[in-house]
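Following: one structure in structure tokens, then a few remarks.
In listed order, ligands and their atoms are each counted from 1. Numbers here are sequence positions counted from 1.
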Amino acid sequence: MTDSKGLSAPYHPKNDGAWTREDIVPLLSLTGEKDLEKLFEQADRARKKYIGDRVHVRGILEFSNYCKNDCLYCGIRRSNSNVTRYRIEPHEIVEIAENAVNSLGYSTVLLQSGEDDHYTPGMIEEIIRAILERCDCRVALSIGERTLDEYRRFYDAGARRCLVRFETTNKKLYERLHPGSSATKNSFEERMELIKGLKSIGYQCGTGCMIGLPGQTAEDLAEDILFYNRHNINMAGMGPFLCHGDTPLAGNPDGTFEMALKMIAVTRIVCKDIFISATTALQTLKPIGGRELALQAGANLLMPNITPKKYRKLYLLYPNKVCTNESPSDCSSCVTRVIHSANRTVGSGFGDTLRK
Ligand code: 5AD
Ligand code: FES
């Protein structure tokens, strides 16, 4: 795909929509400044053609940092005893959501937590119903693995979006990173089945990978991109792996900003009308200008934090997380600035998926 002068057009060698791993790996391997510029421009054109200029905003509330899992990469894994744990009460979750929608103007509230069974299915249903009674918005869930029956109940309560990352499509690597995983529990297969099941319930389904995991290859990342189309995924949320010193992966290098940006760009080129978020992990690698670059390389979503300030420093999946000294209203004005400085407009309506 490349020659001595740089990238030869077209990026899609066959032009029949059937992308393969072999087509994608060379794009992820580009390094020259000119080649990268062309790649990001092509992604930006595809974004404009398939999505338009609107950037949708989802307010994310990190309501509990308790987690029963022990994922090797994650700062709030259950074995990390350096974490001060917190849970936000259901009535406070609803109040925070209400403020985010009715005062800050968000149209989606994304409820995120560690895998915390303290919140029973009944409690989650109540929270969803209470938010929807008070606010005209979408409720999205990012609460980890629950049974499909539970997710069906949450759908019936009114939740319409779900975010469950597959983390990596490399089964061996997945199993190495998730120590509790066995044939019957928390397995790679179960994660894949859950994602498919969420789609069959009717959820707009977000998923994604970490970029730059120890031992991960460009071939693995190409497979991650192919996964989105194979399963008709609505939203890709991907970010660089950021090494947390209190985890078993301490000492490993972080993923790079450049590879994260290439993943966004190639996902846009391959998956066309999928939604792609400029994630907090990406922003953490380049706090100034990082999200603007992502928006100009294929991304069309931002997820500002609506968690009250006092909890923010306790929800550290990775170190140096941005916005831990800011309040929900600081982040709200910040995202508007970012959208405008990337020459884009703030999305109106719920910002539902464009994928059928
Ligand atoms: N670096 C980057 N991303 C991480 N996540 C968890 N730990 C890390 C880390 N150290 C991501 C996982 C998870 C999401 C909520 O955060 O992909 O699904
Ligand atoms: Fe939080 Fe910028 S989004 S301060």
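- Ionic pairing of D352 and R160 is not present here: no N-O contact between side-chain nitrogen and carboxylate oxygen is shorter than 4.0 angstrom.
- Here R47 pairs with D53 in a salt bridge; the nearest charged N to carboxylate O distance falls below 4.0 Å.
- Using a 4.0 Å heavy-atom cutoff, C243 is absent from the residues neighbouring ligand 1.
- Under the side-chain hydrogen bond (donor to acceptor under 3.5 Å, both in side chains) criterion, S341 pairs with E292, sequence neighbours left out.
- Judged by the 6.0 Å distance and 45° axis criteria, R138 is positioned over the aromatic ring of F350.
- At least one heavy atom of E167 sits less than 4.0 Å from an atom of ligand 1.
- We find that E175 and K171 are joined by a salt bridge, their nearest charged nitrogen and carboxylate oxygen being less than 4.0 Å apart.
- For atom 2 (C) of ligand 1, the nearest protein heavy atom (residue, atom name, distance) is P240 O, 3.2 Å.
- Using a 4.0 Å cut-off between a side-chain N of Lys or Arg and a carboxylate O of Asp or Glu, K196 and E193 qualify as a salt bridge.
- Protein heavy atom nearest atom 7 (N) of ligand 1, with residue, atom name and distance: Y73 CD1, 3.3 Å.
- Ranking the protein heavy atoms by distance from atom 10 (N) of ligand 1 puts L242 O, 2.8 Å first.
- With hydrogens and angles ignored, the 3.5 Å screen pairs a side-chain donor or acceptor of T247 with a backbone N or O of H244.
- Among the atoms of R165, some N or O lies under 3.5 angstrom from an N or O of ligand 1.
- Geometrically, ligand 1 and Y318 share no nitrogen or oxygen pair separated by less than 3.5 Å.
- Looking at atom 5 (N) of ligand 1, its nearest protein heavy atom turns out to be M210 SD, 3.8 Å.
- At a heavy-atom cutoff of 4.0 Å, ligand 1 is contacted by no atom of C209, backbone or side chain.
- Within the listing of ligand 1, atoms 7 (N) sit less than 4.0 angstrom from a heavy atom of C74.
- If you check which protein heavy atom lies closest to atom 16 (O) of ligand 1, you get L317 CD1, 3.4 Å.
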